[in-house]
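Just so it is clear: chains get the letters A, B, ... in the order the sequence lines come, proteins before strands, and each one is counted from 1. Computed from heavy atoms alone, side chains included, the values below leave out hydrogens, waters and symmetry copies.
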Number of protein chains: 2
Amino acid sequence: MSRQDILNRLREHDVSPTSQRIEVAEVLLSRPQHLSADQIIDRLNELGSRVSKATVYNTLKLFSKNGLVKECNVDPSRRYYDSTTHAHHHFYNVETGELTDIPEDRVTIMGLPRLPNGTERESVEILIKIKSS
Amino acid sequence: MSRQDILNRLREHDVSPTSQRIEVAEVLLSRPQHLSADQIIDRLNELGSRVSKATVYNTLKLFSKNGLVKECNVDPSRRYYDSTTHAHHHFYNVETGELTDIPEDRVTIMGLPRLPNGTERESVEILIKIKSS
DNA sequence: TATCGCGTTAGAATTAGTCTATACTTCGCA
DNA sequence: TGCGAAGTATAGACTAATTCTAACGCGATA
Ligand SMILES: [Mn+2]
Ligand SMILES: [Mn+2]
Ligand SMILES: [Zn+2]
Ligand SMILES: [Zn+2]
């Protein structure tokens with residue numbers, strides 16, 4: 001994903017492209033992955049980039065509010081951010097914490113009840129917890 | 001759920017029935033519900049019961065290790081404990097935080113890929129995020 | 001240049017959960 | 001009945017992810 005692609009994606013999602021936001025995006029959006037804020041901060045530091053912790057948190061919150069990334073709440077001790085934003089499912093290895101994507105297109109769910117009155121669906125996600133056998 | 005039922009369920013799950021564990025179980029297992037540690041502490045206090053925070057956390061960890069309750073990690077800021085332990089799914093209202101059970105028996109999932117090599121399935125859970133429409 | 005809006009920042013504050021050190025209970029056994 | 005070991009409970013310190021606060025930077029605009 002080139003710098004120009006990053007800029008386009010930020011603009012598509014109404015995120016003004018500051019240098020800090022671009023750096024966070026370059027780390028997180030470079031490929032399909034699930035990273036925590038702390039992991040992103042670590043990678044930025046490794047790259048010699050100096051973005052404050054507060055800005056990383058602010059940026060991730062902005063990105064997910066604007067649909068540029070998705071929050072993944074599966075590990076109770078930290079939030080993961082998913083660079084893949086289209087609907088999909090996950091394997092979650094409860095021993096290692098590893099998250100693996102499952103494409104949505106082959107999966108069919110039948111027999112779900114209708115939604116509670118006055119509500120609309122935001123997403124349907126399958127989480128398969130696995131462990132070493 | 002009577003005191004005797006509580007005692008039986010604790011014994012079935014190899015949990016020795018101390019008075020503190022019984023009190024936590026009476027709160028959480030009284031009906032199908034999803035409670036956080038803090039909510040359980042609050043209810044115990046309301047009931048005039050005096051169980052320490054550390055003991056509530058220890059007890060909930062023991063209960064879930066022994067299959068007496070299930071952890072529900074859906075709200076990134078707290079862990080919920082589910083008094084319903086058989087496989088089932090959830091609606092999650094992202095605005096109110098409310099969790100609603102979906103019985104498992106009518107739901108069918110097709111087209112899931114096979115598990116990663118060397119792993120076995122621990123659970124399959126559907127989470128439907130909803131919001132007011 | 002002065003002002004404004006927006007973004008960034010360091011560090012303090014918050015808070016769920018864990019840990020540590022100590023005390024209490026229970027129970028097997030002398 | 002007395003005693004030590006194992007198991008359990010507890011207060012309070014601690015940890016760490018996240019949020020907050022208050023100040024600062026900075027480009028655009030008047
Ligand atoms: Mn780190
Ligand atoms: Mn409370
Ligand atoms: Zn994913
Ligand atoms: Zn449930």
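- The CG-C1' distance, from B/D38 to C/dT18, rounds to 16 Å in whole Å.
- At a cut-off of 3.5 angstrom, counting only N and O atoms as typed in the model, there is a donor on one side and an acceptor on the other between the side-chain of A/K53 and the base of D/dT18.
- The CD1 atom of A/I40 sits 14 Å away from the C1' atom of D/dT18 (whole-angstrom rounding).
- Among the protein residues, A/T18 comes within range of the sugar-phosphate backbone only, with heavy atoms under 4.0 Å from sugar or phosphate atoms but none that close to a base.
- Taking the side chain of B/Q20 as heavy atoms from C-beta on, and the options D/dA9, C/dA10, C/dG17, the nearest nucleotide is D/dA9.
- Side-chain atoms of A/E23 and A/S49 form a donor-acceptor pair, as typed in the model, at a separation below 3.5 Å.
- The line from OG1 of B/T84 to CD of B/E104 is 12.5 Å long, rounded to the nearest 0.5 Å.
- Taking only side-chain atoms of A/A54, from C-beta outward, the nucleotide of D/dC20, C/dG17, D/dT18 with the closest atom is D/dC20.
- One can place CD1 of B/I22 at 16 Å from P of C/dT25, the figure rounded to the nearest angstrom.
- Rounding to whole angstrom units, CG of residue B/N45 and P of D/dT10 are separated by 12 Å.
- Ranking D/dT10, C/dT8, C/dG17 by closeness to the B/N58 side chain, first place goes to D/dT10.
- The shortest distance between the side-chain N/O atoms of B/R79 and the OP1/OP2 oxygens of C/dG17 is below 4.0 Å.
- Between B/S77 and C/dA16 there is no side-chain polar atom (N or O) within less than 4.0 angstrom of OP1 or OP2.
- At a threshold of 4.0 angstrom between heavy atoms, the contacts of B/S36 with the nucleic acid are absent.
- At D/dT18, one or more side-chain N or O atoms of A/Y57 fall inside 4.0 Å of OP1 or OP2 (strictly under the cut-off).
- For D/dT8, one of the phosphate oxygens OP1 or OP2 lies less than 4.0 angstrom from a side-chain nitrogen or oxygen of B/R21.
- Under the salt bridge (Lys or Arg N to Asp or Glu O under 4.0 Å) test applied with B/K129, the options A/E71, A/E125, A/E120 reduce to a single match, A/E125.
- Nucleotide D/dG7 holds its P atom 14 Å from the CG atom of B/N66, rounded to whole Å.
- Atoms CD (A/Q39) and P (D/dA16) sit 16 Å apart, rounded to a whole Å.
- Note on ring orientation: taking the six-membered ring where Trp is involved, the planes of B/H34 and B/H90 are perpendicular (angle over 60°, cut-offs 30° and 60°).
- B/H88 contributes atom NE2, which lies 4.0 Å from atom CG of B/D82 (distance to the nearest 0.5 angstrom).
- One atom, CG of B/L60, and another, C1' of D/dT8, lie 15 Å apart when rounded to the nearest Å.
- Comparing C/dT9, D/dT10, C/dG17 by their closest approach to the side chain of B/S52 singles out D/dT10.
- Counting to the nearest Å, the P atom of C/dT9 and the NZ atom of A/K61 are 17 Å from each other.
- Residue B/S16 places no side-chain N or O under 4.0 Å from the OP1 or OP2 atom of D/dG7.
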